[in-house]
Each structure stands twice: as structure tokens, then as C-alpha cells.
Chemist: 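My structure is below; once you've seen it, I'll send some questions.
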Amino acid sequence: MTNTFIALAVPALLLLSAIFILLFGFSSYYSKNRGYYITLVTLFITFCISVNGVGDIHSAEVFPHIFNAMVVYDTFSATFISLFLLGGFLSLAIAKSFIDKTNFFVPESFVLFLFSLFGMVVLTMANELLTAFIALEIASMAVYVLVGLNRESLKASEAFFKYLLLGSFSASFYLLGMMLIYAQVKSTNLNVIAEYILNNDLNSQLLIVAGSMLIMITIMFKIAAVPFGAWVLDVYEGASLPITAYMAAVFKISVFAFIIRMFLTNNDFVQLVFDPLIILGAVITMIGGSLLAVIQSSVKKMLAASSVVHSGYMMIALASIEDIDSSASSAIIFYLFSYFISAIGAFGVLSYISKGTDKLISFDDLNGLGKNSPIIAVSLTIFMLSLAGFPSTIGFIGKFYIFTSAIESGYTPLALFGAITAFISIYYYFKVIVHLYFKESTDVKVQYGYKVSLAFIMISAFIVLWGGVGTSLIFNIPGINALNELSKYAIQSLVF
Amino acid sequence: MTNNILLNILLLAPLTSALLIFLLNISRRYTKQTLYTLLALSGSGLSAMIALYISYTSYFEQKLFVSNLFTWLNIGDFTIEVTLKADALSSFMLLFVAPVSFLIHIYATGYMDKDKSYGRFFTYFNLFIFFMFLLVLADNPIIMFVGWEGVGLISYLLIGFYFDDIQNTYAGNKAFIVNRVGDFGFLSALMLLFVEIGHGGFSYDAIFFNLSLIDTPMLSLIALLLFVGAMGKSAQLPLFVWLPDAMAGPTPVSALIHAATMVTAGIYMVARFAPLYNIASDVSLFIAYIGGLSALFAAIVATRQYDIKKILAYSTISQLGFMFMALGVGAYSTALFHMFTHAFFKGLLFMGAGAIIVAFGHKQDIRELRGIRRSVPTIFIMMLIGSLTISAIPPLSAFFSKDAIMGILYASDHLDLFFIALLSSLFTVFYMFRMIFVLFFSENTTEPSKNSVKSMNYPMAILTLLSVFAGMLNLPEIFGGNLMMSSWLDLADKHFVFSHANEIFLMSVNTILICFILYYAYKRYAYKDTILKESTTGLVANKFYIDALYQLIIVKPLYALSFFFDRKISHDLIDTSINSMALNYKKLGKLFAFFENGNVRFYALYMLIGLVLGFIYLFLLLKAML
Amino acid sequence: MENEIVFSVLAVVAVVSAIVMISAHRPIDSALSFIVTLISVAALFGLVNATFLFVVQIIIYAGAILTLILFIIMFLNIKDENLPEEKYKNRWLLVTSILILPFSVILINLILGSDIAVNSVINENLGTIKDVGLTLFSQWILPFELVSILLLVALVGSVTLSKRKD
Amino acid sequence: MLKAYMILSIILFSIGVIGLISRRNIIVIYMSIELLLNAVNLSLIAISGDIGNASGHVMSLMIIAIAASEAALFMSLFVVLFRKKGSLDANIFDILGNKDD
Amino acid sequence: MNILSIIIFLPIITAVILFFVRIHVNTIKIIYMIVTSIIALLTLKLYINFEQISSMQFEEIHRWISEYGINYHIGVDGVSLGIVMMNAILMPLVAIALYKQRDKRGYWINLLFVQGGIMGVALSLDLMLFYLFWEIMLLPIFLMIGFFGYGNKNFITMKFNIYTIFGSLMMLISILYIAVQYKIQFDVYTFELDKLQNLILTPTQSILVFSGFMIAFAIKIPIFPFHTWLSDTYRSAPTGAVIVMSALMAKLGAYAIWRVLFTLLDETSHEVAHYFIAVGLFGLIYFGISAMRQTHLKRMFALSSASHLSLVVVGFFIYDVYGLIGSSYLIVAHAISSAALFLMAGMLYERSKTYDIASLGGIATVAPRFSLFFAFFALSIVGVPMTAGFVAEVLIVLGAFNYNIYIGFLTATTILIAMLFMFKMISQVLYGKASKATENFEDLRMHELIALIPLALLVLAMGIFPNYFIKNIEPTAVSYTVGKKVFHHD
């Protein structure tokens, strides 16, 4: 399978499948189950295809003459595409029970789901600002709608409103920034911009700096960094659980994928101008997120707030990126993966036990779960431990990389600060465990009806553990080392 | 080779019998008292026989018994061997410790007859002998310390033997804690000694050989600390407080542990370290004064005590004070000699007291036991002899030992010590005969509840004989003796020039004074109820308020400190501040959540503020760079 | 010179009408003044030969989107009494304006200080439908396709959300 | 001329931002967003004219398309919100947020 | 597979399997007994095969995360041998004693898990592995307190957990920091203790790294002023958890000082030693005095443990061969005694339903065997001769006098401190008249005797024949002090 083929086949399949479901949705043969499985199968197939692009270093512009070098397919994008598809697949698979119990997953919801994945795929490959923006908008708009999918719910509509309004607002900053860069460079291609930066002094880069600043603000909005991420709690609360999981885990990664590409291709002024800002942002984000997380009484909102903290950790790694060889760049990919799998699991468990209601899962709702549904409880515990960065989970290895890279770049206080935030996070993550096991239940029993969801929750939990301790010495299954190498390849392909 | 085995058997016999009794007792299969008796007596009897043999051989053949058991510790230079060694001093100790123990064992079989804790009692008792032997036979101070602490521990267990009454166990606690304060000094001294010269080995011989390597201040410190240990064990001022309370234990315990053996360990230890104290002469003097003060103080307090055993306890403190006075001026063998006689007569007195207590249904207050001469005539005679002995009436044994001490004090440069000793000696006569006259010379008010047990009388009889004749062992030249004990022990005694005329003069004055006091006591107490009219308040009756003082300056502040530490510092200061940090973080979170007010326009406003701040930063940065 | 005068006039019109738009109480007034802004922006397009965009701006913005807004206003039958009260509107406007001032000033400052090329190339064909079309289909084919998908997404999304429940 | 265009577009952009934050009427907010996009377009056209390349035109064409798709979503938003509450006041949609905690 | 790996992973794997398998709790108990007995036998084999030399033995090394040079590296030397041995001995014995009490699966599974974790900490020679086990062993305790604890258990287990993890995270940063410094100096990542030894740090760096580690250890031990989690946690925790915490985990904190700090930051440890000696001495006295007014049995034991562990810290930081050996010996001795005491406290609660010292009493009359053992272990804590504690205290005091005479005197107060509360406690609990709570106090049952007798014999054996135990520690201790200047601060 040639790389060009993969680069074309994956988005094309997603698109085709989306349009197929859209049309199929009108026919009387359509049923929610069928739509669901078509989507699932599509994601599986595309994942299988895209995974072929991972593992060795390659990089090529896709049809440079036709597409005018606007998209690049390299190991970096292949890795991320595989991640999104896996994430989409897992979040959908775990959501099976939720989807079955609700009535607002109309055919269009699967269509939009696939479209959003399509947008992310293109976003990762995009090597040009406007293309990236449109791809981002495709993904965002699909997600906007998915957030407001439950039209019965006032909360969902309100979340849709806030997300759409603020999203459009932030998008206009991107455009303004792009305009400024275009005014300076006369091009929006990332490679050309990089070259321009290399060849000119700071005097001729003023607008690029300003423009990058504006683009950064959009990105910060998307990853919900304080103070741009005020929406995140409301929107996560309003959206239905599978969508929240999808947003928190997958969508955030796609934004990071783009920002890493931007950072590593336009590296010079990033360090100069943005490192202090990102450090400041990381600190504020971690403080803000943990402040919000400690006071929440609902698990979902706590997870939402904690996802802000995790953005903070990723920003530590962003600040620590010095060049392609620094471990920070692969650290961030590993961390993204670790957060992604843990968050999908955590939200997935919530959606599994929420029985399709849009009721907030409060901490008290978890009481006695450890006794009544031990498997679910253990899985949730594992995800919580991973999010908290407890050793022997993948979350710990992720944090380990992040902190190491920060120290390596000379930001030891920042790593210390991250550790302190991680320490605070113990409180709210372990609170979940306390409620799971130590509180008397009012006898709510979860039905083990949907084996598919359960199976995938357990698989995620296993990945979390394996990612924390796995070595290829035992069973010859790739462990941490392999993941590490993959992220290294991905990064190295950016300068290939 | 056989000698080593003898030593081992001497040590292990009581341990074995203790273990066997313990196992029988704990398994609760055998409740037959005879079996316990047999085991207990065979253990202590065996060791008593061996002890006599060893001292005999030691005296007549100057034989040294050494038995190396095993290496206790070996770290670098620090080697502690568990070695038993019976030199002259140890043999001398064995000479009275083992037989007296055996006798008191016999006595105890009667005293403890039918007691439900019979087995437990003899477990402890035999264990005690084991530790005492370990103390005496140990070849290095660390192992001696093991024995030293061990006897303290058993003493604790035995004082609180009747634990149904929690006050008894508190008395035990007090004994152990006060003893440990002394041990603190002892252990510190040993450690300092080791730090200074331990690298050359830590047996007594090695220590004394290297003693010159230590500079004088350090040596004085070590000597002083060692004496702190002796103070605790031998109940000297200010660590005497436990001994009167220790009378809560069964009377054989008081007789054995708190009169004859354990409390003399301090004397033994100071004598053992005689080479050290000879160098540290200022500390020696200090010891002498502490001993003098203790002797006088205890004698005074004893004059206002009503409990038989407490009177005897204070008397013990007083007598130990005499011994320390002797030690302090350097007359080691004289001190040991007094210790030797003291073991017999004090054992006897305690046994008598015990016999009375048993006979009169566990009454101990002399005010309730008046005029019992006719009820217990044998005990009366033996008690009378004991009291005469302690009063140093010639030719009873204490006459020789005590007058030897007085003479030495007189001959030394410290006449003040001599007068203290004289005064104490007179007080001794007074309080002893106060007790005797009240007990035996007044109208009979009390009837015995049971006749004395035979097995209690025999050992008393033997001890009576011993207390009469033990003085012969160290007969001074003036009476045709040759100080055979002193020459056997061959300690580094200081010699004082002291004419025979002076000696005789002293003895006579002393005896006359004693008789005078005796007469005074007779006038005051015999066939009168003076005792009932004595005031129970006042300085002396309240033991100079020393216990209250301890309570006030040590115990109460400690509890207050405990409260302060636990509540104020740990809880109020540290824990509360940690908890409030967490709480405040939550409060801060609530405050911060105020910004998350759900209004989308505010969210946009925050974005704007972030944007503007970012641009201001950018502007300043670019301005700085360009 | 003429251009400058025209530009100034149009700029003033655009800014004033924009200000009116954001400060008018009734949305219908805002919409109408927004049309003025859009048209003046379109005219500014025309000033730099962007003829095609001029047309597109007029048709799509002023024509389609604004009509849609007006239609919505009518359709939802929003009455004056349903409008938010906005007691503190002016205060908000003032505060926000002051807040945003540093941003605008700094950005304008940067633009003025930057060394972007001025009037380097003169292209007669620029902005014609042919030129734009050629550029679009030769260089920007991918974004173009993506935009079509974006529109599809928006379409599907809005239908999904606003259709009546069956 | 180019800089003048850009400055004008910055001014328009700022006005848009002001309107977006200050107004409670969602329709006006929406129009402010459209104004933001227009402001960007204005500059893009000017830059394009300046470098003599139609890329800027194409970009602004795309942005208009993006604006159109946003418009579509906003239209449905109006409908959804109005159905729920009968009003288009941004302030009344605040049941989410941290007030209940 | 290396014997050490089996020792670490057999319990962990068994625990995981038992969690997923639904079998009756009695079967689990049996499996628990079998597994812990196997571990005990294996460690016995280890002990027999152990050579009395200072270097690491039974080493095993595998690559784990190769990019960062993180290895699975385990091995045993004289210091860790003690911890391993007592862990292996205590776990089955504790289980025998608790056999009838606990009919919950989780109890046994967690105990198995924590055993593996503790073994892991004791045997790890790679800092990341060390950290991994260090954290992992926390989790079962957290769960046990939450599941089976008493009182305000949820709050307390959270507090304990958060408190401890705070320390761990500080340690993590320190670990990462030195690893990065190593990378800078040697251009390769490693977390191996023996390699990191070669690192050269500036004084400031060393102090910072040292503090990071020390916070973690100080909280775990705990030393003043990081102790406030202690008494509440011990009060709330179920017997098994308390034993693990007091007898094993707290000791690991002290062990880690030697294993990590003395290996990596030798000079810094020397430089700051006097602060920690001061803190340790203060803690020794402070905790002892605090314990005096406690009326809750377990709280009192908790503070007593803290007091002794402060002594261990003093012993380590005087950095003298006697001190090191004494402290190591005290670690083991105190572990056994305190485990037995907490075990008996648990039995006491089971029988009388109270931990309140004042409402107990008279047990000696109704339950002589219980009293015997209780008093014995309490006295062994006080350090009476012929018990293991005595040997340890003598050695530490000796080391202290060797270091400085004043420190020596303060350290020697240890023989006074524990008595302040222990004797009164013994009197009130065992002696006097039987109270309502203790009227029907049942004497020790057979299985409890089976558990306690070996512990008592061990305490005695260690007290009477210390040399047989110490000769395993000695070479290692000597290797840490030989060639180093003995510091005399006069």
C-alpha cells in the first residue's frame, strides 16, 4: 500500500461512508443499529489502512501539482490519523449502550461524526494555513452540531450556542492572524513561511509574530487553555457523554497535532516569543483547571475541568520543545496518547453507567458501584489512576516524559509546578475511587447488557495498564518502547 | 573445663527452672504446687551450692573461673563476648546472693503457699536469680548492663505482682522508670567509655588497663554517670522514691530484691569500677556525700513511718547510704562487707515482717499490730536479733561492718561525713526499736489469724545465725582478726591511718550512744500508745514532700507538655494548617468558579482580555528586542 | 488621489455604519446598517479591482445572508418587547472599547511599522472572474473541495438541528 | 493604500469584537461575527491586489463560504434557542456554569 | 526467572488473578497462605545462600524503557535483606492471626498485593522501578483503609493518600532531575542507582534534589513535622493495613534514606546530617511525649512507632557503622514488635470492642496468655535487654556518642522515652480489675498463638544472639562508612 494511496483512501472512505449513511438514512432499510455498525466498520477499516503508514519515517506531499503542496502525508500525520480513528472507533464502540438507549442519534449524527473525523484527518495533513482552517472548521462545525444533538435538552442547546458562538469568535482570530502572515509572507504555505522566517530578521517578521499570536489564541481556545477555555465546562456538561468523550479525547489531539506541526516547522520565533507565554499559559491553565476540578460535585464536570489541567501539561511539553531532537516533541505525542486513551475510557465508563440520560453523573451516583459492578468499577479506577499519573499506568509514563522533557529544557520549576498540580489532581481523581468503593450504595445496579461497550472499556483499561508497564520482553507485544519509537518516528518525519 | 561448665550451670540452672515453671504454668496442665516448688528449689539450690563451691575455691585456691559462651556482637572493633568470669569480687557476691536467694526461695514456698499465682511467682523469682548472676558474673559492662536491666525488669514484674490492685502496678512502673533514669546514666557512661577506649576491648580488664588513656574531665563524667546508674538501682537520693513504693510486692520479693540483692547492685558496680573511682576522686567524694545524705534522710523519714515494710525500706536506703559513704572515701571492701552483713540481717528483718504479715492476715500497719509478742514468740526473738544487729550492738555482725565504716569516715579527712553517719546510726536505732517496742512491747490488741508456716521459719533461723556470726568473716585486727575478706577481695582500697586506741574509743562511744537511744525509745514507746498520738502531718511524716515535688516538677509538666505537643502543635498548628490549606484551595476554587458564571459574553470577554494581555506582552517584547 | 478620497469616504461610512450596527437597539436597525457596511466594504473591494468579489459580496452577503437574517427576524416574529432590555449596553460598549484599544493600537502600530511591500505588481486582470477562477482551480482546488464539504456539513447540521421532530 | 486597508480592517474587526461582547441580542452578536470575517476579507483583497495575485481573492471567497456555512448553523441556532425560551437574549442562557455548586 | 523476581511478582500476579476469579473467601485465604509461605521459604533460601559481602547479590537486569535507560534491575544486599526477610515472615504470620477475623476477599488480595509492592521497593536498584513500587504499594493500603477502616475513614484515607503522594511527586521530580543531569554530563539517560552515583552535582543542586527525596521519605517514615497523617490513619486503618504501614512501609521510608540518599547524595547527606539528627532527636522526644496523653490504643502505638522511627533516622544520619547497623537492626526489630503489638491491638478490639485504654483493664486476670504476649511485645518496644530492640538501641546510642557526646546523651533518652507511656498503658490495659469490656475477654486462640510465638521467639533470638543476624548487615554498613571520614562535631 503506497503512502499516497493511504493518504487518499482514508479521507475518501470516511467521506464516502458519510455520504452513504446520509443517503441511506432516508431509506426505510435504515435503522440506528445499521448506521452505527456502518460507521464502526468504516472506522475500523480506515484505521487498519492508516496504521500501515505508521512505523517508518516517510514524508511526501500528496499530489503536489494538483493540490499545490497543501497537504503532506508523513509519519507524523499517519500516526495522528491512526490515533483519531482509533479514538473515534473506541469512543463510538464504548458509546454503544448509550446510543441504544437514547433517541437523538439520528442518521445525521453518524454522518457528522464521520465528517468531523474527516476534518481532523485533513487538518493533520494540512500544510497550509487556510486548508488547515477549513479542515478545522469542518471538524468543529460537525462537533458543534453533535454537541447540540439532543434537541430535547435545554442544556445541549445552550452548549451548542456557547460553543458555536465562541468557536466562531475564536475562528475569526485565526483568519485575522492568517491575513497578517499572508500580508508579510505573501503565502500561507507552512514551508514557505518557515523559509521566510529563516531568511529574514525579526524586523521583517513583525506581522508573522502578531499573526502567530492570533492563531495561537484560536488553538488555545480549542484546547481550552485558561483564559480562553471558559467554555469547556459548560459545553462538556451540556453535550451528551459520548460526544464529550470524543471532544475531550480526540478533538483536542487533532488541534495539538496541528500546533506541533506549526511549532516544529516554524521553530525560531516560537522559542523567542512564545515560550514565556506558553509557560505562563500552562501555569494559569493548570491552576485554573485544578481549582475548578476540586469543587465539582459531578464527575463529568470534574473530568471536564481536569481536561483543562491536562491541556496545561501538554503546554508544558509545548514550551519544552526546542527542536526536533528534543524529547519534548515525542513526549507530547506519548502524553496525547496516554491522555486520549484514559479520557476515552473514563468518559466511556460514565456514558456506560449513565443509561442514556443527560443527567449529570454526580460522585454520589457512583456509590456502591465497586460492589455491584466490579469490572466497571475497576476499569474506572484504572482510568482515574492513569489520569492522576499513578505509576504502572500509561498516564504516569506520559507525565514522566512531560516532566523529563521540561527539566531537560531547563524548566525544572515548571515541572515542579506540574507535579504539584498532579498532586492536587490526586484529590479529585481519588475521590471517584472513594465513592466507587467506600460509600454505601443505594443499590443501583448496572446491567451488563451491552457486551460490546463493556469489552471495549476493558480493552482500553488493559491498554492503559500495558502502556504503563508493558515491555516487549514479556509476550513479545510491543510495550512502552514501541510507543516511544512510534512517536519518535512521527516527529522525525517532520524534517524528513 | 569442668569449671566452665560449673559456671554455666550456675547461670543456667535458675533460667532453666524458670522456663520449665513458665511452660508448666502457661500450659495450665499442671497445677500441682509441689512440682513448682521442686523445680524452683532445685534451680536455686543447685546454683547456691555451686556458688558456695566457687567462692570456697576462689578464697582458698585463688582460682579464677572463666566461661566463654558466645560472641554477642562483633562489629569492627566493637566486640562483646558473653563471658562469665568469677573473680574474687564476683565470687564474694555469689557467696551471699546465691544462698540468700535459696533461703528466700524456701521462705517463699511458705509465704506464697496456696497462692493462685504460685507458678508465676517462681518463674519471676528464678528469672531474677538468673539476671542477678548475669550481673555479677558478666565480664564486660554491656552484659552486666543486660543483667542490671533484667533485675530491674523482674523487680517491676514482682512489685506489680498482685495486679488486681492497679496501684501495685503503678508502684512497679515507678520502680522501673526511676531505675531506668539511672540506667540512662549507666548506659551513657558505658558508651562514653567505649568511645574513649572501646577499641582495645571492652572486658573489665581491658577497660582498667586502658583507663589512663582517658583525660580527667571525661573520666569524671563517666564516673559520675556510672554512679547515676548506681543511684537508681541502690535507691539513693534523689532516685530513692521507688523503693518505699516497691514494698507493694510480696514480702519475699522485698526481702530478696529490695533488701538483699538487687539494690546492692549499685554498690557492686561502684566497687567493680574501683580503679576508675580511685582516679576520679572528686566524684568519689560526691558519692560519699550522696550516700551520707541518703542515709540521714532515710533514717529521719523512717522514724515517722507506720508500715513495717516501709520502715524497713527506708532503713535499707539508709544502710545503702552507709555503704556509699564507705565507697566514696575509697573503702571498697568495707562497703562490701557491710553489704554482706546487711544482706543477712535485712533479709531476716523482712522475712520476720513477712511472717508477721502472713500471721496477721496481711496487716502491715504497726499501729494495728501492737503487742504481738506472745502470739509469735519465735518471730519476736528473730526480729529482735535482727534489730539489734542493724543497730550495731556488739558483737553482732553489723557492729563490725558499720563500725568499720564509721572508723574509716573518722579517719578520713571528712569529719562531717562521720557525724552524718553517726547521726544516721542513732536514728537507725531509734526507728528500729520504735518498731520493735510498738510491735512487741505493748498491750496485745491483735490476734493472729494463722500460725506461721514452718518453711518460713527455717530460713529465718539460718539468717538469724548468719547475721549474728557473719561479722567474723572480716574481723578487724583489734579483735584478733585479719580482715580476711578485704584481703581476699584485694580491691584498690585506700588505707587510712587509724590507731587502735581511737578505734576502741569510737566503738565505745558509739555503743554507749546506741544504748542511750535504745533506752529513750523504750521509754517512749514500750507499753505506751505514743505511736497513736504522733502527728501524721509535717515535713518528716510526708517524707519531706519529695514525692509531691516530683509530681509537681516532673510528672505534671510532662503531661502538660504532652498536651501541648499533641494538641497544640501537632493538631492545632500543623494539622490544622495543612487541612486549612486544602480547605482554602477549595474556597479559592469556589471563588474562581465565580468567573464561570455561565454567561457566554463573559467568556468572550475573558478571551478578549487574554488577547489584549498577550498583545501587550508582545509589544513590550518586540520593543525590547528591536 | 481620487482613490484616497473615495477610500476615506467609504471607510468612514463603513465604520460609522458598523458602529451603528453594534449599538442599535432593534436588530432590524442593526441589520439595515450592517447592509450599509457590507456595501461599503464591497465598494472598497471594487476600489482595488476585485470585481468578482465585489459582486459576490453584494450577492451573497448583502443579498443572501442579510436577507436570511431579516427573514429570521420576521420568521421568529421577534417583537420589541421580546428584545433583551440591555440596561447597561452603553456601559458595556464603553468598557469593551477601552479594553480592546491596546489590541487595536498595537496591531495598527505593528502594521505601520512593518515592511510589507507596497504596490509592487500591477496586474490588469486581477480580480476578474477568469483570473479568480483560474487561481481557484489551479492552486486552491483542495480548499475549494473542502469548503464544499464544509457547506455540506453546515447544511446537514442545520437541518439536523432545526427540523421538526418526526 | 494597503496599510490603510489593513488598518481599516483592524478597526472594523475591533468594532465587531466590541459588538460581540457588549450586546445581548444574539442576532446582533451574529452580525458582529460576520463583521469580523468581512474585516479580514477586506485586507485579504487589498493584499491580493498589492501582490497582483488572485490568491487573496480566492481566500476571501472561501471565507465568504465559511461565513455562509456559519450562517446556516446560526440560523438553526436562532430557531433552536427561540423555540426553547422564546427569546434571543444571550444572558438568559446560563443554566450551565458553576452557580449550582 | 530469578528468585527475587518470583518474590516480587508471585504475590502481585496471584492478587490480580484472585481479583478476577470468583471463588470463596476461604479458598482465597488458603491460596494466600500458600503463596506467602512459598515466599517465606524462598526468602529463607535467599537468606541461606546469602553471602556475607557488601555487594549486591542475586542481581537481575532487563531493559524496560530503553530510550530513557530505565531498566528492570533488582538485587539484594545486607540492608534490603532485612526488609525482605521480615516482610516474608510477617505476612503469613499476620494472616494466621487474622485468619478467623476477616471474611472479605479484598482484604487478602490487597495484602498480597502490598507484599509484592514492598518487596519491589526493597529490591529495586533502578530509581524508576523504585518509584513505581513505591507508589504501587500505597494503593492497597488506601483501599484497605477505605474498605475495612473505622471512623471517618474516607476522609482519612484520602488525606493519607494525598499526603504521601505529595512526597512521592517531589521525589519524582528529584529523580527526573538527576537523570537529566546525568544525561547532560554523560549524554545518556539512566536511572540506575549505581551509575547515577558517578554524577557530579553542584551543592545547590544536591540540596534541592536531596530535599525532594527527603520529603517523600520524611512523610513515609514520618518525621516531624510531616507526621500529622499518622495517628488518625493508624486509628482508622484495619489491623492488616496498620501492620503493613507501621511494620513495613514506614521502615521502607527509612530504608530508602540509606538505599537512595546515601548512595546518590553521599556528601550532601553528610552535610545536612546534623539537621536531620536534630529533627530526629526532636521527633524521638516529641512523639514520645505526645503519646503520653493518648487514650486510644492505636494512636498511642502510632506515636510510639513514630518516636522509634525518628531514632532510626538519627541512627542513619550519624553516619557511623554502629548507627547504621543499629538503625537497620531497629528497623527489623521494631517491625516485628510493632506488628505483633498492632496485631494484638486488633485482637483486643475484636474481643472488647474498644480501643479506649481507660475502659480496658484486668485482662491479665482473665487472659494470661494474651497479657503475657502483649506485655512482652510492649516491653520489647521499650527495649528491655534480651530483646532485639535493646541491641539496636545500644548500637544507635553508641554511634551517637561516637558522633558527638551531646547528641549521644539526647539519643540515650530513647531508653526513657518509650517508658513514659508504655508502662502506664500496660497497667491500664492488662492490670487492675476487669472492666465491662474485658469481663469475658477470651484468651489467645491456637491460631493466634501460632502467629505470635514465632514473632516472640524471633525477638528473643535477635536480642540474645544478635551477632548471627548482624553479620549479614555488617559488610554493607562497613562499605558505606569505611574510607569516609568520621565526623566529630564537638
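It should be emphasised that the depicted structure is a prediction, and the values quoted were computed from it without experimental measurement. The figures here come from the full heavy-atom set of this structure, side chains too, leaving out hydrogens, waters and symmetry mates. Chain identifiers are assigned alphabetically (A, B, ...) following the order of the sequence lines, protein sequences preceding nucleic acid strands; residue numbering begins at 1 within each chain.
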Chemist: Pick from C:Phe71, C:Phe7, C:Tyr88, C:Phe144: which one has the most heavy-atom pairs with chain D under 4.5 Å?
Modeler: C:Phe7
Chemist: Please look at C:Thr37 and chain D and tell me whether the side chain, the backbone, both or neither of the residue comes under 4.5 angstrom of a heavy atom of that chain.
Modeler: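 For C:Thr37, the side chain is the part near chain D, not the backbone.
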Chemist: If you count heavy-atom pairs under 4.5 Å between each of D:Ser69, D:Ala71, D:Gly19 and chain C, which one has the most?
Modeler: D:Ser69
Chemist: Are C:Trp92 and D:Arg24 close enough, and set up right, to give a side-chain contact (heavy atoms from CB on, under 4.5 Å), and what steps lead you there?
Modeler: CA-CA 10 Å; C:Trp92 268 96; D:Arg24 284 167 63 174; over 6 Å; no
Chemist: Output the option from C:Leu44, C:Val41, C:Leu161 having the highest count of non-hydrogen pairs under 4.5 Å with chain D.
Modeler: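 The residue among C:Leu44, C:Val41, C:Leu161 with the greatest pair count is C:Leu44.
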Chemist: Using non-hydrogen atoms and a 4.5 Å limit, figure out which bit of D:Ala4 sits close to chain C: side chain, backbone, both or neither.
Modeler: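 Contact with chain C: backbone and side chain both.
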Chemist: Under 3.5 Å, is there a donor-acceptor pair between the side chain of D:Arg23 and the main chain of C:Lys89?
Modeler: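 Between the backbone of C:Lys89 and the side chain of D:Arg23 there is no qualifying donor-acceptor contact (under 3.5 Å).
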Chemist: Take atom NZ of D:Lys85 as the centre, draw a 6.0 Å sphere, and report whether it contains more than 12 heavy atoms from other residues, nucleotides or ligands.
Modeler: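 For D:Lys85, atom NZ is crowded (more than 12 foreign heavy atoms under 6.0 Å).
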Chemist: Heavy-atom distance under 4.5 Å between the side chains of D:Val58 and C:Phe137, does that happen here?
Modeler: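 The answer is no; the side chains never approach within 4.5 Å.
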Chemist: Do the side chains of D:Leu37 and C:Tyr61 get nearer than 4.5 Å, heavy atoms only?
Modeler: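 Side chain of C:Tyr61 against side chain of D:Leu37, heavy atoms only: contact under 4.5 Å found.
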Chemist: Are D:Met75 and C:Ile69 side-chain neighbours, meaning at least one heavy-atom pair lies under 4.5 Å?
Modeler: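 The answer is yes, as the side chains (C-beta and beyond) meet within the 4.5 Å cut-off.
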Chemist: For a quick check under 3.5 Å, do C:Gln57 and D:Asn38 share a side-chain donor-acceptor pair by atom type?
Modeler: yes
Chemist: How close do D:Ala68 and C:Ile65 get, counting heavy atoms only, and between which atoms?
Modeler: CA-CD1, 4.2 Å
Chemist: So for D:Ile21, is it side chain, backbone, both, or neither that comes closer than 4.5 Å to the heavy atoms of chain C?
Modeler: both
Chemist: Given heavy-atom pairs under 4.5 angstrom as the criterion, report whether the side chain, backbone, both or neither of C:Phe52 touches chain D.
Modeler: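 Interface part for C:Phe52: side chain.
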Chemist: Please rank D:Val79, D:Val80, D:Ile64, D:Val17 by heavy-atom pairs under 4.5 Å with chain C and give me the top one.
Modeler: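 If we count pairs closer than 4.5 Å to chain C, D:Ile64 comes out on top.
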Chemist: Highest number of heavy-atom pairs under 4.5 Å with chain D: which of C:Ala64, C:Ser23, C:Gly157, C:Ser97?
Modeler: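 Option with the top pair count is C:Ser97.
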Chemist: Look up atom CD1 in C:Ile22 and atom CG in D:Asn25, then write down how far apart they are to the nearest 0.5 Å.
Modeler: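 The distance works out to 13.5 Å.
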Chemist: Taking every heavy-atom pair that is under 4.5 Å apart, which of D:Leu73, D:Leu20, D:Ile47 has the most such pairs with chain C?
Modeler: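 Greatest number of close heavy-atom pairs with chain C: D:Leu73.
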Chemist: Write down the atom of D:Leu61, the atom of C:Leu53, and the distance for their closest heavy-atom approach.
Modeler: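 It is N-CD1, 4.2 Å.
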Chemist: Between C:Val48 and D:Tyr5, is any pair of side-chain heavy atoms under 4.5 Å apart?
Modeler: yes
Chemist: Answer with side chain, backbone, both or neither: which region of D:Leu8 has an atom nearer than 4.5 Å to a non-hydrogen atom of chain C?
Modeler: side chain
Chemist: Give a yes or no answer on whether the side chain of D:Lys3 reaches the backbone of C:Ser114 with a donor-acceptor pair at less than 3.5 Å.
Modeler: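 Pair found, side chain donor or acceptor close to backbone of C:Ser114.
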Chemist: Would you name the heavy atoms of D:Ala65 and C:Leu151 that are closest together and state the gap between them?
Modeler: O-CD2, 3.7 Å
Chemist: Just so I understand: if I count every heavy-atom pair under 4.5 Å between each of D:Ser32, D:Ser14, D:Gly16, D:Ala90 and chain C, which residue has the most?
Modeler: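 That would be D:Ser14.
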Chemist: Is the closest side-chain donor-acceptor distance between C:Ser162 and D:Ser76 under 3.5 Å?
Modeler: no
Chemist: Under 3.5 Å, is there a donor on one side chain and an acceptor on the other for C:Thr135 and D:Ser55?
Modeler: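 No - no donor-acceptor pair under 3.5 Å links their side chains.
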Chemist: If I measure from the heavy atoms of chain C, does D:Ile15 come under 4.5 Å with its side chain, its backbone, both, or neither?
Modeler: both
Chemist: What part of C:Ile111 gets closer than 4.5 Å to chain D, counting heavy atoms only: side chain, backbone, both or neither?
Modeler: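 Both parts, backbone and side chain.
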Chemist: With respect to chain D, which residue among C:Asn3, C:Leu112, C:Ile19, C:Ile60 yields the maximal number of heavy-atom pairs within a distance under 4.5 Å?
Modeler: C:Leu112
Chemist: Which atoms of C:Ala31 are under 4.5 Å from chain D, going by heavy atoms: the side chain, the backbone, both sets, or neither?
Modeler: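 Looking at C:Ala31, backbone and side chain both touch chain D.
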Chemist: Report the distance from atom CG of C:Leu47 to atom CG of D:Leu42, rounding to the nearest 0.5 Å.
Modeler: 10.0 Å
Chemist: With a 4.5 angstrom heavy-atom cut-off, could you sort out which part of C:Val132 is near chain D: side chain, backbone, both or neither?
Modeler: both
Chemist: Between C:Phe34 and D:Met31, which heavy-atom pair has the shortest distance, and what is it?
Modeler: CZ-O, 3.7 Å
Chemist: For D:Ile10, is it the side chain, the backbone, both or neither that has a heavy atom under 4.5 Å from a heavy atom of chain C?
Modeler: side chain
Chemist: Quick check on C:Leu134: does its CG atom have over 12 non-hydrogen neighbours (other residues, nucleotides or ligands) under 6.0 Å away?
Modeler: yes
Chemist: Could you check which of D:Met6, D:His57, D:Glu34 has the highest count of heavy-atom pairs closer than 4.5 Å to chain C?
Modeler: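 Most heavy-atom pairs under 4.5 Å with chain C: D:His57.
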Chemist: Measure distances from D:Asn41 to the heavy atoms of chain C and classify the residue's part below 4.5 Å as side chain, backbone, both or neither.
Modeler: both
Chemist: Is it the side chain or the backbone of C:Leu107 that comes within 4.5 Å of chain D heavy atoms, both, or neither?
Modeler: side chain
Chemist: If you round to the nearest 0.5 Å, how far is CE of D:Met62 from CG of C:Leu136?
Modeler: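 Spacing of CG (C:Leu136) from CE (D:Met62) equals 5.0 Å.
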